[in-house]
Amino acid sequence: MSLIEKIKDRFDLSPIKPKWPGLIENYKKWLPVNANTPIITLKEGGTPLIRVGSIEKRIGRGIRVYVKYDGLNPTGSFKDRGMTMAISKAKEDGCEAVICASTGNTSASAAAYARRGGMRAFVLIPDGYVAQGKLAQALVYGAEVLAIKGNFDKALDIVREIAEKYPITLVNSVNPYRIQGQKTSAFEIVDALGEAPDWLCIPMGNAGNITAYWMGFQEYFKAGHSTILPKMMGFQAKGSAPLILNAIVKEPETIATAIRIGNPVNREKAMIAKEESKGSFLAVTDEEIINAYKILGKEEGIFCEPASAASVAGLLKRKQEIPNKSTIVCVLTGNGLKDPDCAITNNDAVFHSDLDANLKTVAKTMGF
Ligand code: F0G
């Protein structure tokens, strides 16, 4: 080894390693791509699985809890997993424009990937109910934004009809390629743990993601990569819980705007995932969501968006039911930076303002 090599080795100065190629490249043989598929990627996937002691401490009994921090994807949410697939396939089919309805994250992701693939991106959003960060992304990524006076469910009805009538590709989770891409997160979890977890806790809105995880866990199980299948534990916000109420919620309401959905398109598939996995669904209140959101932030240094915290809130709510020594994974679907308004209104931080700009005042305020 030359001296330079020795120094590089000692101080780990090699280029970023291992080189993550993006999820399509990494899980190619599990995905419907071929040699002609132009892969539109921002190197999504490969997100960390992080152990969270602060949650374990609240549960006890030797139970291990991890979070799958999918808010670290290129546009800050799990949607990138599905979008790399949906947009690559749209490109392969010669499509020039895509459309989606969105509570924010899908629109950000669709815009980024579509533009990267040289396509137009139209996004329909419920006016006034999309977090600032997500709206900012759609605009910067060059989407054509259509804000409607109606909720997500209405927006989805409209885009489904538009995609039927006009030459434009729908990239909501009714697009099967979205689910294909998103299932890779289940693969990553099993690859990281060497086994499937006992429970997977996940927030549900349109219920595409729970469908995708269940598909991924089943495929890996059938191929012998895991010896167990997780129970799928889905959570919705109380004011927006059609899958728990088993009904359509006409006017969904929750602080977690990402999952403010009253009529999930993947309802049947989510129910199958629940039944086949012997899992269970439960509603959590906005207060419980914010409690989990704060714990993750201030005790773990993990900033997720409110919808994502529903998975941890749900786990804490079900803590009596967890078998001893279980391994649990909670999916953190989106990054906290997406919703700065929620963060600024919901924290326990000490914030001293209007201070005179001198050392004495600052030191005194600090308690010296
Ligand atoms: N978490 C976040 C951060 C989301 O943005 C969404 C959905 C979900 C969870 C629920 O996932 O719909 O697959 O059950 N957001 C969609 C959107 C609806 O438009 O961005 P799901």
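Each residue takes its place number in the sequence, starting with 1. Order of listing sets the numbers, starting from 1, for every ligand and every atom in it.
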Give the residue, atom name and distance (to 0.1 Å) of the protein heavy atom nearest [atom].
atom                    : answer
atom 2 (C) of ligand 1  : Thr333 OG1, 3.3 Å
atom 11 (O) of ligand 1 : Phe78 CZ, 3.5 Å
atom 15 (N) of ligand 1 : Lys79 NZ, 2.9 Å
atom 5 (O) of ligand 1  : Asn105 ND2, 2.8 Å
atom 4 (C) of ligand 1  : Ala258 CB, 3.6 Å
atom 20 (O) of ligand 1 : Thr106 N, 2.8 Å

Under 4.0 Å between a Lys/Arg side-chain N and an Asp/Glu carboxylate O for [X] and [Y]?
X      : Y      : result
Lys238 : Glu288 : no
Glu92  : Lys89  : yes
Glu305 : Lys134 : yes

Can [X] and [Y] be counted as having a side-chain donor-acceptor contact under 3.5 angstrom?
X      : Y      : value
Ser308 : Thr333 : yes
Thr103 : Tyr129 : no
Lys68  : Thr47  : yes
Asp191 : Tyr27  : yes

**OP:** Would you check, one step at a time, whether the test side-chain hydrogen bond (donor to acceptor under 3.5 Å, both in side chains) holds for Thr41 with Glu44?
**Re:** CA-CA 7 Å; Thr41 179; Glu44 54 296 309; 2.7 Å; yes
Quick one: does [X] get an N or O within less than 3.5 Å of an N or O on ligand 1?
X      : value
Ile259 : no
Met204 : no
Thr103 : yes
Gln182 : no
Gly208 : yes

**OP:** Could you tell me if any non-hydrogen atom of Ser77 lies under 4.0 Å from any atom of ligand 1?
**Re:** no
For ligand 1, is any non-hydrogen atom under 4.0 Å from [X]'s backbone (N, CA, C, O), its side chain (CB onward), both, or neither?
X      : value
Lys134 : neither
Asn266 : neither
Lys338 : neither

Subject >> Nearest neighbour of atom 13 (O) of ligand 1 from the list Ile210, Asn335, Asn209, on a heavy-atom basis >> reply: Asn209
Original post:
Mind checking whether Met204 and Phe217 sit in one hydrophobic cluster, side chains of I, L, V, M, F, W, Y counted as touching below 4.5 Å?
Top reply: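 Cluster IDs for Met204 and Phe217 match.
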**OP:** Answer yes or no: are there more than 12 heavy-atom neighbours, outside Glu321 itself, under 6.0 Å from its atom CD?
**Re:**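 Result for CD/Glu321: enclosed.
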Atoms of ligand 1 less than 4.0 Å from [X] heavy atoms?
X      : value
Glu305 : 3 (C)
Ser102 : 17 (C), 19 (O), 20 (O)
Ile261 : 18 (C)
Asn206 : 12 (O), 14 (O), 21 (P)

**OP:** Could you walk me through whether Val98 and Tyr113 pass the side chain to side chain contact (heavy atoms under 4.5 Å, CB included) test, one step at a time?
**Re:** CA-CA 10 Å; Val98 301; Tyr113 284 82; over 6 Å; no
**OP:** Test Trp214 against Ser277 for side chain to side chain contact (heavy atoms under 4.5 Å, CB included), laying out the working first.
**Re:** CA-CA 8 Å; Trp214 185 234; Ser277 74; 3.4 Å; yes
